[in-house]
Amino acid sequence: MDDFFKLDGITVQFGGLVAVHRFSLHLEEGERVGLIGPNGAGKTTVFNIVSGFLAPGSGKVYWKGNDITGRPVHEITRLGIARTFQNIRLFPDMTVLENVMVSFHHKLRSHFWQAMFGLPSYRREESLLKSEAMTYLEELGLSHLSAERAGSLPYGQQRRLEIARALAIRPGLLLLDEPVAGMNPSESLETAQLILDLQRKYPLTVFLIEHDMKFVMQLCERIKVLDYGHTIAEGTPAEIQQDPLVLKAYLGGACVC
Ligand SMILES: Nc1ncnc2c1ncn2[C@@H]1O[C@H](COP(=O)(O)OP(=O)(O)O)[C@@H](O)[C@H]1O
Ligand SMILES: [Mg+2]
């Protein structure tokens, strides 16, 4: 489907700094595409544009054929685009389960007063959503931790909880900003497997940023490379690993593998 998701000539400027320069991307439904590049290259800024945290100076964002450029975060979320954050953004003092439940607030049909008086319609709805939230925790291997404080989980599990919370909006497009940062190699391998499993169960298109090259190369079908806001390469993992500009930007010439 040609018009599933498209970024067209996105440019973002912060004062005199051009953080992203004419960035374009087209995603097909069900794809896994990676965005890589050195620190400060503009990767998170691209995610901020897609998810509505920032509006671009110029360029357009299209989702399922509609122009969604500059729409606010809650609308973009409702349209089925979910994200996780490079700097984890959980509610540390809430439980693991509650952190997933917050994603449902826009879905609750019951009124504030119904909730306040604990009316049966509210309790029914709440218990259905609870069991849906538990399903996502199970998918991420976190259901046994549902009553724990989110802030007490180790780093790797917090990253997974962010994915569970993102799933709760039933996204069509999932943006993962450094999903395995801080994980050891076996946790990172497990997370790659988990993402593949999720794609078998849910209609997910995955767009991810990651520095762990092994993870990106194994998981992504296509990769884009940013450097100082400019797209310097684009291709399959095999093509990217041999691209001279990429080797230069990343490692001053060594192999990206
Ligand atoms: N809100 C902001 N205000 C000013 N500068 C920003 C802001 N967000 C990002 N930048 C700058 O834009 C550039 C790209 O940042 P970012 O997208 O976070 O890079 P990456 O995720 O590739 O490391 C960096 O130079 C960063 O300092
Ligand atoms: Mg970043």
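Indexing begins at 1, ligand by ligand and atom by atom, following the structure's order. The figures that follow rest on heavy atoms only: side chains count, while hydrogens, waters and symmetry mates do not.
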Run the salt-bridge test on Glu98 and Arg165 with the 4.0 Å N-O cut-off and return the result as yes or no.
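Here Glu98 does not pair with Arg165 in a salt bridge, since their nearest N and O are not under 4.0 Å apart.
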
Is there a donor-acceptor contact under 3.5 Å from the side chain of Gln199 to the main chain of Gly30?
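Judged by distance alone, yes, a pair lies under 3.5 Å.
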
Between Glu187 and Val180, does the side chain to side chain contact (heavy atoms under 4.5 Å, CB included) criterion hold? Intermediate values first, please.
CA-CA 8 Å; Glu187 286 174 318; Val180 300; over 6 Å; no

Using the ring of each side chain (for Trp, its six-membered ring), is Phe85 parallel, tilted or perpendicular to Phe53, with breaks at 30° and 60°?
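Ring orientation of Phe85 relative to Phe53: perpendicular.
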
Could you label the plane-to-plane angle of the Tyr202 and Tyr136 rings as parallel, tilted or perpendicular, counting under 30° as parallel and over 60° as perpendicular?
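Tilted: the ring planes of Tyr202 and Tyr136 meet at 30° to 60°.
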
Which other residues belong to the hydrophobic cluster containing Val18, where Ile, Leu, Val, Met, Phe, Trp and Tyr are joined when side-chain heavy atoms lie under 4.5 Å apart, directly or via other members?
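Besides Val18, the hydrophobic cluster comprises nothing; the residue is isolated.
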
Can you list every ring-ring contact (aromatic ring centres under 6.0 Å, His included) pair that touches residues 215-244, not counting sequence neighbours?
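For residues 215-244: His21-His230.
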
Show the short N or O contacts, below 3.5 Å, that ligand 1 makes with protein N or O atoms; if there are none, say 'none'.
residue: ligand 1; atom: 17 (O); partner: Thr44; partner atom: N; Å: 3.4
residue: ligand 1; atom: 17 (O); partner: Thr45; partner atom: N; Å: 2.9
residue: ligand 1; atom: 17 (O); partner: Thr45; partner atom: OG1; Å: 2.6
residue: ligand 1; atom: 19 (O); partner: Gly42; partner atom: N; Å: 3.2
residue: ligand 1; atom: 21 (O); partner: Thr44; partner atom: N; Å: 2.9
residue: ligand 1; atom: 21 (O); partner: Thr44; partner atom: OG1; Å: 2.9
residue: ligand 1; atom: 22 (O); partner: Ala41; partner atom: N; Å: 3.1
residue: ligand 1; atom: 22 (O); partner: Gly42; partner atom: N; Å: 3.0
residue: ligand 1; atom: 22 (O); partner: Lys43; partner atom: N; Å: 2.9
residue: ligand 1; atom: 22 (O); partner: Lys43; partner atom: NZ; Å: 2.7
residue: ligand 1; atom: 23 (O); partner: Gly40; partner atom: N; Å: 2.7

Are the aromatic rings of Phe207 and Phe47 close, with centres under 6.0 Å apart?
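Ring-ring flag for Phe207/Phe47: true, centres closer than 6.0 Å.
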
At distances under 2.8 Å, what protein N, O or S atoms surround the Mg ion (ligand 2)?
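Those protein N, O or S atoms (cut-off: under 2.8 Å from the Mg ion (ligand 2)) are Thr44 OG1, Gln86 OE1.
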
Sub-4.5 Å side-chain heavy-atom contact between Asp177 and Asn87
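Answer no - side chains too far apart.
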
